[in-house]
Colleague: 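Starting off with a structure, shown below.
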Amino acid sequence: MTAVESSTTYDVARIREDFPILGRRLSGDLPLVYLDSANTSQKPQQVVDAIADHYAQHNANVARAMHQLGAEATAAFELGRDKVAAFIGAPSRDEVVYAKNASEALNLVARVLGDAGRIGPGDEVVITEMEHHSNIVPWQQVTQRTGATLRWFGVTDEGRLDLDDIDTLITERTKVVSLTWVSNMLGTINPLDVVIAKAHSVGALVVVDASQAVPQIPVDVAALGADFVVFTGHKLLGPTGIGVLWGRYDLLAELPPFLGGGEMIETVTMERSTYAAPPSRFEAGTPPIAQSVGLGAAIDYLSAIGMQNVAAHEQAITAYALGAMQEIDGLTVVGPKEAVMRGGAVSFTLDGIHPHDVSQLLDSRGVAVRAGHHCAKPAHLRFGVQSTTRASFYLYTTEQEIDVLVEALHHTKKYFGS
Amino acid sequence: MTAVESSTTYDVARIREDFPILGRRLSGDLPLVYLDSANTSQKPQQVVDAIADHYAQHNANVARAMHQLGAEATAAFELGRDKVAAFIGAPSRDEVVYAKNASEALNLVARVLGDAGRIGPGDEVVITEMEHHSNIVPWQQVTQRTGATLRWFGVTDEGRLDLDDIDTLITERTKVVSLTWVSNMLGTINPLDVVIAKAHSVGALVVVDASQAVPQIPVDVAALGADFVVFTGHKLLGPTGIGVLWGRYDLLAELPPFLGGGEMIETVTMERSTYAAPPSRFEAGTPPIAQSVGLGAAIDYLSAIGMQNVAAHEQAITAYALGAMQEIDGLTVVGPKEAVMRGGAVSFTLDGIHPHDVSQLLDSRGVAVRAGHHCAKPAHLRFGVQSTTRASFYLYTTEQEIDVLVEALHHTKKYFGS
Amino acid sequence: MNVDSLYQEIILDHYKHPHGSGLREPFEAEVHHVNPTCGDEVTLRVHLDGETVSDVSYAAEGCSISQASVSVLNDLIVGRSVDEGMAVLDSFTELMQGKGKVEPDEDVLEDGIAFAGVAQFPARVKCALLGWMAWKDAVSQALVTSSSSDPAITGDPT
Amino acid sequence: MNVDSLYQEIILDHYKHPHGSGLREPFEAEVHHVNPTCGDEVTLRVHLDGETVSDVSYAAEGCSISQASVSVLNDLIVGRSVDEGMAVLDSFTELMQGKGKVEPDEDVLEDGIAFAGVAQFPARVKCALLGWMAWKDAVSQALVTSSSSDPAITGDPT
Ligand SMILES: Cc1ncc(COP(=O)(O)O)c(C=O)c1O
Ligand SMILES: Cc1ncc(COP(=O)(O)O)c(C=O)c1O
């Protein structure tokens, strides 16, 4: 029974000690129950220290400085890239492009594919109804600009990707298919293999929004077979201000630059410029130096625990939460109701109580969840709700915390008299 | 004699104590002499601590979280924006847009002006020969994309902006004039008032690259009268991963979005989206939260010293350096040779010794300077050099450090036998 | 920060039994406002009779705070002059943005003083202001309409 | 990290008196490489005679390391077969990227062993490799040219 084995070696209490914020007391001296990790993750002391130490002892600009501090900062910055590449199984470190967040990375891909003429009049881009706004708006923008058409997969009543239409959706006209790996609202894990195979069979490129996947499941981009994979540092125990675009090297090498400026050039005259090879070509200006150091420390932390173990814990805690929460009368989970092909974000409604009011009452008990549309308005519309409350879990979440959540939900119902 | 007065109250030794890295020992147990602040500034402990404390105690995502941590993080993040607005004299905090660095901010302006049709076929954009690549390449890209023409001011032998052609350069065809306030290579401070008045007289917009100005001179964007002002956090004692675009509110309110995604929308359906008001409209995805906190702490630090005092120190130390350095036989300063209308970056050549070799020898004495084209290839070409060595100063630079530099330059000459 | 100071009895009453809810005719302006953070929405119509706000009708979808606040708005504004209404708006806005440090004036705000507690919950201030911002917008549009055309004429200004 | 281990006498000699400098004819390929960080440049031509690299001529503008390295390249490559040249390139690259931990083989690298110290200065590795990368590029182009046309024909492949 490997599941039991790994849960005995997985010591959540020990892990929690590394996260200073989990010891926070809130208003009323209540302990913090942080169930908002799909929004942003907390940071272990190791990450906080790596960033502080970088600024205090090794800070310099990178690439262009030849002095000792510059060499230290450059080595530390590029080591972060090496760690990212190894963590996601990238065949080459030069396939790892830094952006400011996942949103910029998705915009980068959409813009340069448009600028390169790979999306044009009559072409189609296919997304899904369960995307985060950051994987919708850039494709609306590029299809509008280029005269292409935006199409999308629907979502079944169970919150799964509706694959019935796949053959009419993905056709010879399709140039790009962009979809999320794990839905940040429904929690659904999508069957990427099916979509990637179909997209590649018609010659379309596949962009995977792995913002919710890389934090909670082992990722191997080479095995996945997509063309671009995007994620964000702050959901992965890392700092804000850094996102990652992984792209197939041959593709990156063909594409025109995104932002222009320092560091992304080969040579510049007033009349014209030539551009550096990837990843530099896509990284204009001073890069997220301390953020790469911090992200590297986050990856070290996760790797030491083992992503298999992180995934197993996420799975176990989500199953526990789904069970306990669905015993509450009037609570409806929006998204898959069992912990099968499912990540650790559980969105729900509570009859007669608006999600704002739910989350406010939970907060009054120290339970931090998110209420609103979770940047997924179309997915909410699909289920006929304007907003939901979402509890989301991570490697530091305990069953006791879920119990506090459930107790607080009962309290909420009583408070609003429903 | 205010100058003397302020220099007696300006206690550089006291300031240096706040910068842990200035106590670093390098290879050979040499003390660090950091003369590369135009590349990136060092960070006071106050900034390092503010960032660490944020991650360790107040971390959450902003705007969309309703819980107590979310409220704390949002307040801290937006307080950073308030501090930036006050620091640069912005009439409204909503005029302060965060980008990842100055380069992104410049690209943002160039892209949206192009997308808005404010730059089109037959139109002209005017820049200068002394720009950083980040204020050249985005304008090459947008003029190429839109069929507009890029023109530029030349530079005089003294390294000043050549205003002789201003009336033929800035004409009714000019839609945008974008120029640096302080040159990062030559050190020149440009007469912005003349250029802004002329540009506005023909109805052109003015973009000011203040990346080197905001760190070293008091800035009041309202008094300046430009339409957009751009700078970067990491040169201002702040963290990497944050840049600032200030823009006139009425202009920002008219312009289309840049990147699409979370936080910049008003509402999203699969068919179309509407966009939030500035500054959100231009800030897709999770913003630089901890970076805003760090930048706020940097601004507090500078404000406590007083930007007038910082500027006076920069002026004094630059005058001292220009005097001492120009006594060295074979050393030629590229740029204004006196500390008049001039910032604290001194680029130079040493006869017969390549800048790489100069900087390497200086580094062997613990002196950190930059060698290369400083992302200003056209300015180097103008002076017939492929690269220069640059020493640059900041509020923590001492005369003793300049003396070490000069001594190390003599050593360099001896070493290479010239 | 006690959650009971947020959910005053008065607020929950207005939430459960909103005053003046529903969209009615006639009206000179209709606006649709959204809280982009959470998706709360309000469609709001204003009917002016000369200087007097003779009706504020609305359809709101949102949390207790946003719904109660537009209900209180209806109480406070209907029957007043535009200028008086604007003064009430100012005073309500001041209360909301006062971070809990502004003492509400019951003579002006009536049931609106129950929102004093909201000011201590920064994330909820936008909820409380949603309907008021919509009203401000609608009134300005209605004033433009009524000054540029026969004030008696009403209709659907889409 | 002693700067003297970087600036070996041999390197400074090559820098001051570069071997085989200047652009010559005939050649099958000419390339122009730039170090984007600092702006150092080299224009380099390769002339093949069957399998043999019969000339490597160049015009370089750059620091002592980049100039000395292309001078050493000229010494080591001219007169060798393309395959032998590639083997030397591999061994030089390995030395440069070895972070000071690779023991150079004097039989293969001759004066090139003086660059062992460069490997400890990461920022200078690119300088040392500039000419070598240019040569690699030029040879691949020359091989394409010579395989697709009469190998005796030379010219300006612009
Ligand atoms: C004048 C000037 N403009 C723009 C930049 C670009 O700043 P960043 O690299 O932070 O984008 C710099 C600094 O590198 C600069 O000195
Ligand atoms: C699925 C998904 N995609 C994209 C994003 C955007 O990430 P960021 O805000 O870091 O750009 C998020 C998180 O907000 C997400 O959950």
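Naming convention: chains lettered A, B, ... in sequence-line order (proteins, then strands); numbering from 1 in each chain. Just the heavy atoms: all of them, side chains too, but no hydrogens, waters or symmetry mates, feed the values below.
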Colleague: Let me know if A:Leu150 has heavy atoms under 4.5 Å from chain B in its side chain, its backbone, both or neither.
Modeller: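 Answer is side chain: those atoms of A:Leu150 sit under 4.5 Å from chain B.
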
Colleague: Could you have a look at B:Thr143, B:Val369, B:Leu381 and say which one has the most heavy-atom pairs with chain A under 4.5 angstrom?
Modeller: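 Looking at each of B:Thr143, B:Val369, B:Leu381 in turn, B:Val369 comes out on top.
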
Colleague: So which part of A:Thr269 gets closer than 4.5 Å to some heavy atom of chain B, the side chain, the backbone, both or neither?
Modeller: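 Looking at A:Thr269, just its backbone touches chain B.
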
Colleague: What part of B:Gln140 is in contact with chain A, defined as an atom under 4.5 angstrom from a non-hydrogen atom: side chain, backbone, both or neither?
Modeller: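 Only the side chain of B:Gln140 comes within 4.5 Å of chain A.
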
Colleague: Quick one: what part of A:His54 sits under 4.5 Å from any heavy atom of chain B, side chain, backbone, both or neither?
Modeller: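 Answer is neither: A:His54 stays 4.5 Å or more from chain B.
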
Colleague: Is it the side chain or the backbone of A:Thr128 that comes within 4.5 Å of chain B heavy atoms, both, or neither?
Modeller: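 Contact with chain B involves the backbone of A:Thr128 alone.
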
Colleague: With a 4.5 angstrom heavy-atom cut-off, which part of A:Ile265 approaches chain B: side chain, backbone, both or neither?
Modeller: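 Contact with chain B involves the side chain of A:Ile265 alone.
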
Colleague: Examine whether an atom of A:Glu72 lies under 4.5 Å from a heavy atom of chain B, and if so say whether it belongs to the side chain, the backbone or both; otherwise answer neither.
Modeller: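 Side chain only.
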
Colleague: Strictly by salt bridge (Lys or Arg N to Asp or Glu O under 4.0 Å), give each pair with a member in residues 32-48 of chain A just once, sequence neighbours left out.
Modeller: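 Checked against salt bridge (Lys or Arg N to Asp or Glu O under 4.0 Å) - neighbours excluded - the pairs reaching residues 32-48 of chain A are A:Asp36-A:Arg390.
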
Colleague: Which answer fits A:Leu32, side chain, backbone, both or neither, if we ask what part of it has an atom under 4.5 Å from a heavy atom of chain B?
Modeller: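 Side chain of A:Leu32 only, per the 4.5 Å heavy-atom cut-off to chain B.
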
Colleague: A:Leu22 versus chain B, heavy atoms under 4.5 Å apart: side chain, backbone, both or neither?
Modeller: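 Nothing of A:Leu22, per the 4.5 Å heavy-atom cut-off to chain B.
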
Colleague: Suppose we screen for salt bridge (Lys or Arg N to Asp or Glu O under 4.0 Å). Which residues come up paired with A:Asp53, at least two apart in sequence or across chains?
Modeller: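 Partners of A:Asp53 under the salt bridge (Lys or Arg N to Asp or Glu O under 4.0 Å) test: none.
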
Colleague: Counting only non-hydrogen atoms closer than 4.5 Å, does A:Ile289 touch chain B with its backbone (N, CA, C, O), its side chain (CB onward), both, or neither?
Modeller: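 Both backbone and side chain.
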
